[in-house]
Amino acid sequence: MVDLIVDGEEALSKGDTYIARDIFERMALDGDPEAMYRLGLIYRDGGRGVVSDREEARRWFSRASKQGHVKAHDALLAMNSHSEYITVFTEKGYGGNYGGEMSRFRR
């Protein structure tokens, strides 16, 4: 799996965002939280061959966050703080358990 992460990063460094997306997506669908996080970054930022899709980015960040990926959790919080919604964590999710449930309310 580490080799695929390196391959995905190499594709990104060459500007081949669509190839990196395909690599990370295969890994993410197999349950790799690091790949989910990186896929979220790709969808958040977009790039050659990939249109930015903030809702898709949120979905991937959320999946990685539920598996305890701290950077994905932080990215999800950052995205939500800049949206028209606020995120409220249930007690289950707030005490350091990043897999907790979230409720969203309009500002």
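What's counted below: heavy atoms across the whole structure, side chains too, no hydrogens, waters or symmetry copies.
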Exercise. Could you go step by step and tell me if L4 and D32 meet the side-chain contact (heavy atoms from CB on, under 4.5 Å) rule?
Worked result: CA-CA 11 Å; L4 288 175; D32 186 310; over 6 Å; no

For this session: List the steps and the verdict of side-chain contact (heavy atoms from CB on, under 4.5 Å) for R38 and E34.
Result: CA-CA 6 Å; R38 291 172 188 251; E34 180 66 21; 2.7 Å; yes

Are any of the side-chain heavy atoms of [X] and [Y] separated by less than 4.5 Å?
| X | Y | result |
| --- | --- | --- |
| L41 | F61 | yes |
| L12 | I19 | no |
| I5 | F24 | yes |
| M27 | M36 | no |

Exercise. Among pairs that include at least one residue of residues 44-53, which meet salt bridge (Lys or Arg N to Asp or Glu O under 4.0 Å), considering only residues two or more places apart or in two chains?
Worked result: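 Passing the test, one end in residues 44-53: D16-R48.
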
For this session: Measure up the Y37 and H69 rings against each other and bin them: parallel (under 30°), tilted (30 to 60°), perpendicular (over 60°).
Result: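 Parallel.
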
What are the two closest non-hydrogen atoms of [X] and [Y], and how far apart are they?
| X | Y | result |
| --- | --- | --- |
| R21 | Y43 | CD-OH, 3.2 Å |
| G40 | A57 | O-CB, 3.3 Å |
| G8 | A20 | O-CB, 3.4 Å |

Exercise. With no hydrogens and no angle check, is any side-chain donor or acceptor of S65 less than 3.5 Å from a backbone partner on S62?
Worked result: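 Not confirmed, S65 side chain does not pair with S62 backbone.
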
Looking at [atom1] of [X] and [atom2] of [Y], how far apart are the two atoms once the value is rounded to the nearest 0.5 Å?
| X | Y | atom1 | atom2 | value |
| --- | --- | --- | --- | --- |
| I42 | S52 | CD1 | OG | 11.5 Å |
| H73 | L77 | NE2 | CG | 4.0 Å |
| E10 | I23 | CD | CD1 | 8.5 Å |

Exercise. Run the side-chain contact (heavy atoms from CB on, under 4.5 Å) check on N80 and R58 step by step: do they pass?
Worked result: CA-CA 9 Å; N80 287 338; R58 278 188 182 91; 3.0 Å; yes

